[in-house]
Visitor: 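The structure follows.
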2 protein chains.
Amino acid sequence: MATVKRLMECVPNFSEGRNKEIIEKIVQPFRATDGVRLLDYSSDEDHNRTVVTVVGDPEPLKAAVLEAIGIAQQHIDLTKHEGQHPRMGAVDVVPFIPIKNVTVDDAIALSKEVGAEIASRYNIPVFLYEKSASAPHRENLAAIRKGEFEGMAEKIKQEEWKPDFGPVERHPTSGTVAVGARMPLVAYNVNLNTSDLEIASAIAKKVRFIGGGLRFCKAMGVELTERGITQVSMNLTDYTKTAVYRAHEMVRMEARRYGVEIVGAEIVGLVPMAALIDVAEYYLGLEQFSIDQVLENKIME
Amino acid sequence: MATVKRLMECVPNFSEGRNKEIIEKIVQPFRATDGVRLLDYSSDEDHNRTVVTVVGDPEPLKAAVLEAIGIAQQHIDLTKHEGQHPRMGAVDVVPFIPIKNVTVDDAIALSKEVGAEIASRYNIPVFLYEKSASAPHRENLAAIRKGEFEGMAEKIKQEEWKPDFGPVERHPTSGTVAVGARMPLVAYNVNLNTSDLEIASAIAKKVRFIGGGLRFCKAMGVELTERGITQVSMNLTDYTKTAVYRAHEMVRMEARRYGVEIVGAEIVGLVPMAALIDVAEYYLGLEQFSIDQVLENKIME
């Protein structure tokens, strides 16, 4: 039988969303590297930013990501960059996400290797963020990036914002970069049979982490005006710990107080298979089920 | 992006379970053919039979299956075969099962191509069975195989058992073969908080097709003596039509009459991803969910 296939995802964000020639050059290593697969890249002209989704074995993925960063450094000059999306570097953020037969610890280790290599090879200061962060105040990307490229020249000299790798000096054209590990996001929305946004918002506040709710849940109330209903819109930032069914049942539980019921739900974008298998396991009450029993996993091995 | 990958499964049963040298020769084409993957093969000495599980693109899969059948014909002589499992041919049965980006109609078409080719290349009479059957009385494999190799010499001469392809004469050493298409089986058991086997059996009878229950459900009551409970043990023969959640909820509904509750469930062996995703969709009430949103599907494409 074949050896077990390891799959790590990387979603690097590059600060170029307009010049197609440059964008193609940047993604080229993801097309050309064996063991790596370019799943998607989408450029936003207003944001002037390109988001790449690539998966592969950690080793070739690391090589391809580093090569793409080198190409971005050659072609992007942050002193001339303008766009609506906040940014602090030519390569703004590089998250690694464990997908299959790799753990979040593997993703953390990989992010640190890549961070160290970015610093030594390209002389760009690197902040480790999310699950790779070296201190709690560095977990949140928005906190690191605050002040953006322009403000980073001074910010980086403060002790609390000393980079994890590389020079204590903003790179003149490439700025700084955040590298880290995170779990795949699950964007999960639950529809309610009320048009009252206040109810949806009140439920969202109770379900989410900052309101005393589930640890890996962000949530807000949203109006679906055409349908005359509302929605609790959630981001589940670690479905292995805050399961989809748990968020669902907690919304149901809180809705009960208002005499409101769930009338539907949706998953936005991609979702890891394991997040949905877990839902089936819970509602069926499966005993001793292993994800290896899923036929497709056997085929993918 | 890469082209869509088609995956058909084939589970051919060969009437040799003892001679390892011959078994290795038979499975060799599944190892050697590009685009085909040997997932499993297991031999039973008492049955004197080997069950192979192989997946691949329909075209190379067809070639590999035909090659393996030729090898089996060279090395297996049914006049000398003894074993506990009923059998009518050196290659006893060849089911094709749609897995991914292929339909059951594709599996039916493939089974007919393979059947015609077995007849013309190896002079073996072929019965189409299950979803490929040319008449209702030929759907059930057990009905076709009744009489086994020994009885087939006469049986095949009856009009109602005329083969779909090949000579109206049992092959002297290779016998006859059944080729067809079926959906993947889901073996699904639901545990009940009663030790009374009669209750489990009564529920099984109501849930299953022959008792007036679900179309693609076979079921029986089973005692789990060590745990002091019972189980409704089911085979779901087409999960796209008789969904896992529907069988589950029907057991729950019928159990209510006896004041009995579901205390767990299990899936035995492999299960297609879609069967479990469907469960998650049902219990969450997902709107407009597509299996293409499953990350792993995107990666496998």
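What you see is a predicted model, and the numbers here were worked out from it, not measured in a lab. Computed over heavy atoms, backbone and side chain alike; hydrogens, waters and symmetry mates excluded. So that the names make sense, note that chain A is the first sequence line, chain B the second, and so on, each numbered from 1.
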Visitor: Strictly by modelled atom types, are A:D105 and A:T103 linked by a side-chain donor-acceptor pair under 3.5 Å?
Guide: no
Visitor: Output the option from B:V55, B:I277, B:N191, B:I267 having the highest count of non-hydrogen pairs under 4.5 Å with chain A.
Guide: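 The option with the most such pairs is B:I267.
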Visitor: Measure A:V268 against the heavy atoms of chain B and call it side chain, backbone, both or neither at under 4.5 Å.
Guide: backbone
Visitor: Taking side chain as everything from C-beta outward and backbone as N, CA, C, O, which of these in A:Y283 sits under 4.5 Å from a heavy atom of chain B? Side chain, backbone, both or neither.
Guide: both
Visitor: Using non-hydrogen atoms only, which part of A:Y282 is less than 4.5 Å away from chain B: side chain, backbone, both, or neither?
Guide: neither
Visitor: Which residue out of A:P184, A:A265, A:A275 racks up the most heavy-atom pairs below 4.5 Å with chain B?
Guide: A:A265
Visitor: So, A:E249 and A:R252, do they make that salt bridge, N to O below 4.0 Å?
Guide: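 Counted as a salt bridge, because a side-chain N and a carboxylate O are separated by less than 4.0 Å.
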Visitor: Considering only heavy atoms, which portion of A:V271 lies under 4.5 Å from any heavy atom of chain B: side chain, backbone, both, or neither?
Guide: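 When you check distances to chain B, atoms from both the backbone and side chain of A:V271 fall under 4.5 Å.
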Visitor: Strictly below 4.0 Å, N to O, side chains only: are A:E9 and A:K100 in salt-bridge contact?
Guide: no
Visitor: May I ask you to check whether A:E266 and A:Q231 show a side-chain donor-acceptor distance below 3.5 Å?
Guide: yes
Visitor: Can you tell which part of A:N189 gets under 4.5 Å to a heavy atom of chain B, answering side chain, backbone, both or neither?
Guide: neither
Visitor: Ion pair present between A:K205 and A:E254, side-chain N to carboxylate O less than 4.0 angstrom?
Guide: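 Result for this pair is no, no salt bridge flagged.
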Visitor: Below 4.0 angstrom, N of the basic side chain to O of the carboxylate: do B:R215 and B:D238 qualify?
Guide: no
Visitor: So what's closer than 4.5 Å to chain B heavy atoms on A:Q288: side chain, backbone, both or neither?
Guide: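 A:Q288 has no heavy atom closer than 4.5 Å to chain B.
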Visitor: Looking only at the side chains, is there a donor atom on one of B:S111 and B:S132 sitting less than 3.5 Å from an acceptor on the other?
Guide: yes
Visitor: Could you have a look at B:L284, B:V279, B:L270 and say which one has the most heavy-atom pairs with chain A under 4.5 angstrom?
Guide: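 Result: the option with the highest number of such pairs is B:L284.
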